[in-house]
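Here is the structure we will look at.
Computed from a predicted structure; not experimentally measured. Residue numbers count from 1 along this sequence.
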Amino acid sequence: QVQLVESGGGLVQAGSSLTLACVVSGRTLGSMTMGWFRQGPGKEREFVAGTTTLRGSTGYRDSVKGRFTISRDNAKNTVYLQMNSLKPEDTARYYCAAAQGATTALSMRDKRLYVYWGQGIQVTVSE
């Protein structure tokens, strides 16, 4: 059984940094496409960043490009989301998600691709 457990969230001030981590168990991370999604109050769950095994491709939503970085440590079965220069509009519950196999930088944005999801972790950015 595949399990994803997120950590690293919290309450921070605008301009601060946080690093989220997602530990995967039950499957080898190296064979999976991994994504971070977020859902704010009353909003749809949206793609934030993704990484796939296909040539190590990554993808980001426009609003986080240059501020967020997704990375993976296959030896630790862990994927990270480094978030810098946080803004109040980044406030949301952040979810780690996994899909079997490789995909494209375009397809990884579709949440329907992902089979496994973590419980999510709250990130709150104050003014």
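- In this structure, Ser63 and Arg38 approach most closely via the heavy-atom pair OG-NH2, 3.6 Å.
- At a threshold of 4.5 Å between non-hydrogen side-chain atoms, the residues Tyr60 and Thr69 count as touching.
- Contact of the Val24 side chain with the Val2 side chain is registered, since non-hydrogen atoms from C-beta on lie closer than 4.5 Å.
- Here the side chains of Thr53 and Arg72 are in contact, with some heavy-atom distance below 4.5 Å.
- Here the closest heavy-atom approach between residue Gln82 and residue Ser17 is recorded as NE2-CB, 3.9 Å.
- At least one side-chain heavy atom of Lys111 sits less than 4.5 Å from a side-chain heavy atom of Trp117.
- A salt bridge is absent between Lys87 and Asp90: the closest approach of a Lys/Arg side-chain nitrogen to an acidic carboxylate oxygen does not fall below 4.0 angstrom.
- Note: the hydrophobic cluster containing Phe37 also contains Met108 (ILVMFWY, side chain heavy atoms under 4.5 Å, direct or indirect links).
- For the pair Val125 and Val123, the minimum side-chain heavy-atom distance is below 4.5 Å.
- Under a hydrophobic-cluster definition in which Ile, Leu, Val, Met, Phe, Trp and Tyr are linked whenever side-chain heavy atoms come within less than 4.5 Å, directly or via other members, Leu113 and Leu81 are assigned to different clusters.
- Using a 4.5 Å heavy-atom threshold, the side chains of Leu4 and Tyr95 count as separate.
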**Request:** Run the numbers on Thr33 and Tyr114 for side chain to side chain contact (heavy atoms under 4.5 Å, CB included), then give the verdict.
**Result:** CA-CA 8 Å; Thr33 290; Tyr114 296 86; 3.8 Å; yes
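- In this structure, Gly120 and Arg93 approach most closely via the heavy-atom pair O-NH2, 2.9 Å.
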**Request:** Please lay out, stage by stage, how Phe68 and Leu86 fare under the test side chain to side chain contact (heavy atoms under 4.5 Å, CB included).
**Result:** CA-CA 9 Å; Phe68 290 13; Leu86 282 161; 3.9 Å; yes
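- Contact detail for Ala92 and Gly40: the closest heavy-atom pair is CB-N, 3.8 Å.
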**Asked** Please walk me through it: do Glu6 and Leu20 pass side chain to side chain contact (heavy atoms under 4.5 Å, CB included)?
**Response** CA-CA 7 Å; Glu6 302 98 337; Leu20 304 183; over 6 Å; no
**Message:** Let's go through Ile70 and Val79 carefully: what are the C-alpha distance in whole Å and the side-chain angles of both, what is the deciding distance for side chain to side chain contact (heavy atoms under 4.5 Å, CB included) to 0.1 Å, and is it a yes or a no?
**Reply:** CA-CA 7 Å; Ile70 188 170; Val79 63; 3.9 Å; yes
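- Under a 3.5 Å cut-off, the side chain of Thr52 and the backbone N or O of Thr103 do form a donor-acceptor pair.
- The distance from the CE atom of Met34 to the OG1 atom of Thr78 is 9.0 Å, given to the nearest 0.5 Å.
- In this structure, the side chains of Thr91 and Gln122 come closer than 4.5 Å at one or more pairs of heavy atoms.
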**Message:** Applying side chain to side chain donor-acceptor pair (under 3.5 Å) to Gln13 and Ser126, what does each step give before you reach the verdict?
**Reply:** CA-CA 5 Å; Gln13 289 187 324; Ser126 63; 5.0 Å; no
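- Phe47 and Val115 end up in different hydrophobic clusters when Ile, Leu, Val, Met, Phe, Trp and Tyr side chains are linked at under 4.5 Å.
- The minimum heavy-atom distance between Ser85 and Arg67, with the atom names listed, is O-NH1, 2.9 Å.
- In this structure Arg61 satisfies the salt bridge (Lys or Arg N to Asp or Glu O under 4.0 Å) test together with Glu46, sequence neighbours excluded.
- Smallest separation of non-hydrogen atoms from Ile121 and Gly9: CD1-N, 3.3 Å.
- Around atom CD of Glu44, no more than 12 heavy atoms belonging to other residues, nucleotides or ligands sit under 6.0 Å away.
- Under a hydrophobic-cluster definition in which Ile, Leu, Val, Met, Phe, Trp and Tyr are linked whenever side-chain heavy atoms come within less than 4.5 Å, directly or via other members, Leu29 and Val23 are assigned to different clusters.
- Residues Arg27 and Gln100 form a side-chain contact, since some pair of their non-hydrogen atoms from C-beta on lies under 4.5 Å apart.
- Both Met83 and Val64 are part of a single hydrophobic cluster, where members link through side-chain heavy atoms under 4.5 Å apart.
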